[in-house]
S.K.: 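One structure follows; several queries about it will come next.
Chain A is the first sequence line, chain B the second, and so forth, proteins listed ahead of strands; every chain is numbered from 1. Both backbone and side-chain heavy atoms feed into the values below; hydrogens, waters and symmetry mates do not.
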Amino acid sequence: MKPAVTYELLHECKQTGARRGVVHTPHGDIQTPVFMPVGTQATVKSMTPEELKQEVQAQIILSNTYHLYLRPGEKIVKEAGGLHKFMNWDRPILTDCGGFQVFSLKDLRTITEEGVEFRSHLDGSKHFFSPEKVMQIEEDLGADIIMAFDECVEYPSTHEYTKQSMERTTRWAKRCKQAHTTENQALFGIIQGGFYEDLRKKSAEDLIELDLPGYAIGGISVGEPKEEFLKMLYYTAPLMPKDKPRYLMGVGTPDYLIESAIAGIDMCDCVLPTRIARNGTALTWNGKIVVRNATYERDWTPLDPNCDCYTCKNYTRAYIRHLIKANEILGVRLLSIHNLKFLTKLMERVRIEIEGDNLLNFKNEFYKQYGYTK
RNA sequence: GUGGAUGUGGCGUAGCUGGUUAACGCGCCAGUUUGUGGCACUGGAGACCGUGGGUUCGAAUCCCAUCUUCCACC
């Protein structure tokens with residue numbers, strides 16, 4: 001039987017080895033490498049699905065098992081006809097398993113082989129996530145791609161703990177595969193192993209044996225220095241199957257996205273563009289600007305002169321600064337549109353440069369213009 | 001006119017039985033933000049404590065005068 005989600009490789013950049021491909025899903029194709037906006041609670045904060053399609057041109061969005069389970073509850077979403085219908089989004093959706101959220105609860109959770117007991121951040125009520133439970137929730141939510149329940153260990157962690165945790169994540173992945181019943185959803189495994197190469201290798205090998213339709217790298221981009229991030233990324237990505245989508249979880253700064261593509265990653269997601277939008281910051285081709293700052297009080301130019309997004313075509317930095325200072329919702333919306341569109345355009349460009357076997361040159365050019373030093 | 005109250009960073013206040021660098025909220029300035037527990041978090045600047053005099057080793061704190069604003073009464 002054909003998996004719900006498949007990967008088609010179109011071209012490999014001769015300069016870097018980066019992959020230009022297509023991910024086929026029940027809700028349409030995704031041109032890769034791609035950046036996926038995050039809509040934790042069945043909404044990319046402040047954006048309508050129409051804006052995401054028409055203006056941002058998002059190809060796929062994320063949503064979250066933990067949050068939707070707590071509120072409104074996966075049964076409500078199921079009753080609505082699944083996430084796609086519930087939120088009126090007809091393109092692909094990926095649900096994160098809630099592992100990251102549950103483990104970030106720290107004092108509020110207990111891990112056992114069976115699963116994780118945790119308390120809701122909303123009302124303190126007790127809950128239990130097992131691999132089987134998470135599969136049931138993700139199936140009720142109905143995304144195209146569902147993630148296996150894993151543990152994301154924090155940085156830094158000991159080799160011993162990371163090993164234990166990684167092995168458990170692998171056992172949980174097996175249980176997820178067993179519990180997974182729907183045919184129109186693809187279950188992706190998550191490679192763990194922290195910042196230890198031997199553990200990453202082992203994790204990748206054992207998970208690949210399960211022959212899942214896609215794989216992700218989890219547990220990096222968790223606050224480590226950039227050198228550590230790059231080291232793990234470049235070590236782990238080549239271990240992943242060539243004929244399946246490769247997803248790097250939690251990456252969203254422009255430099256990390258370009259590095260990921262070079263490492264052979266196809267998909268990335270991050271809250272960064274929408275989060276910094278809420279705090280008054282814009283990504284531009286010339287670097288990050290905190291438009292909330294006083295310097296922009298009388299700046300009558302757009303956020304980014306090289307941008308053709310709705311925000312940049314119609315509004316000035318001075319106006320957006322005013323909106324953000326005044327805590328007006330529109331400020332957040334305009335910045336979110338811009339930041340998301342910026343990353344869409346960046347990835348579009350990355351795809352073109354891969355096709356032209358020119359990604360490394362582009363990276364150097366971009367770094368220089370953006371202001372990155374290395 | 002009489003009596004009472006009030007006056008502290010841009011704004012609103014705390015401190016006022018006298019004792020090291022005057023506190024807080026908002027605002028202001030800046031930084032952070034990487035599988036969203038976030039319209040969040042972390043820093044920072046900014047006050048001759050209405051004015052003038054006095055008591056005291058020492059006064060935003062006590063006394064006197066004066067001005068400001070508010071209230072009450074005739």
S.K.: Quick check: any donor-acceptor pair below 3.5 Å linking the side-chain of A/Thr281 to the base of B/U33?
M.R.: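 Under the 3.5 Å cut-off, the side chain and the base do form a donor-acceptor pair.
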
S.K.: Between B/A59 and B/G43, how many Å separate the two P atoms, rounded to a whole number?
M.R.: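 It works out to 34 Å between them.
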
S.K.: Does B/G31 have OP1 or OP2 under 4.0 Å away from a side-chain N or O of A/Asn279?
M.R.: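 Checking B/G31 against A/Asn279, no side-chain N or O comes under 4.0 Å of OP1 or OP2.
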
S.K.: Give a yes or no answer on whether the side chain of A/Gln185 reaches the backbone of A/Ala143 with a donor-acceptor pair at less than 3.5 Å.
M.R.: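 At least one qualifying donor-acceptor pair exists.
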
S.K.: Considering only the C1' atoms, how many Å lie between B/G10 and B/A47, rounded to the nearest integer?
M.R.: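 Straight-line distance between the two C1' atoms is 11 Å.
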
S.K.: For atom P, what is the distance between B/U68 and B/C29, given to the nearest Å?
M.R.: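 Looking at atom P only, B/U68 and B/C29 are 35 Å apart.
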
S.K.: Using a cut-off of strictly less than 4.0 Å, decide whether A/Arg292 has a side-chain nitrogen or oxygen near OP1 or OP2 of B/U32.
M.R.: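 For B/U32, OP1/OP2 do not have a side-chain N/O of A/Arg292 under 4.0 Å.
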
S.K.: Rounding to an integer number of angstrom, what distance separates B/C24 and B/G9 when you compare their C1' atoms?
M.R.: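 That atom pair is separated by 12 Å.
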
S.K.: Base of B/G35, side chain of A/Asn64 - is there a donor-acceptor contact under 3.5 Å?
M.R.: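 Looking at the base of B/G35, it does not pair with any donor or acceptor on the side chain of A/Asn64 (distance under 3.5 Å).
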
S.K.: Return the nucleotide paired to B/A22: Watson-Crick means purine N1 to pyrimidine N3 with N6-O4 or O6-N4, wobble means G-U with N1-O2 and O6-N3, both under 3.5 Å.
M.R.: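 Paired with B/A22, as far as the under-3.5 Å criterion goes, is no nucleotide at all.
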
S.K.: With under 30° as parallel and over 60° as perpendicular, where do the rings of A/His322 and A/Tyr319 fit, or are they tilted in between?
M.R.: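 It falls in the tilted class, 30° to 60°.
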
S.K.: Would you indicate, yes or no, if B/U32 has its OP1 or OP2 atom less than 4.0 angstrom from a side-chain nitrogen or oxygen of A/Lys288?
M.R.: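 True: A/Lys288 side-chain N/O within range (under 4.0 Å) of B/U32 OP1/OP2.
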
S.K.: If the cut-off is 4.0 Å, is A/Lys325 near the phosphate of B/G27, judged by side-chain N/O to OP1 or OP2?
M.R.: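 No, A/Lys325 has no side-chain N/O under 4.0 Å of OP1/OP2 on B/G27.
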
S.K.: Just N and O in the side chain of A/His121: are any of them under 4.0 Å from OP1 or OP2 of B/U36?
M.R.: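 False: A/His121 side-chain N/O out of range (4.0 Å or more) of B/U36 OP1/OP2.
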
S.K.: Ring of A/Tyr235, cation from A/Lys231 - is the NZ or CZ under 6.0 Å from the centre and inside 45° of the axis?
M.R.: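 That pair does not qualify as a cation-pi contact.
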
S.K.: In whole angstrom, give me the gap between the C1' atoms of B/C63 and B/G18.
M.R.: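 That atom pair is separated by 13 Å.
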
S.K.: For B/G44, which nucleotide in any strand shown is its Watson-Crick or wobble partner with both distances under 3.5 Å?
M.R.: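 Its partner is B/C28.
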
S.K.: Strictly below 4.0 Å: does A/Arg278 bring a side-chain N or O up to OP1 or OP2 of B/A40?
M.R.: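 Answer no for this pair, as no side-chain N or O of A/Arg278 is under 4.0 Å from OP1 or OP2.
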
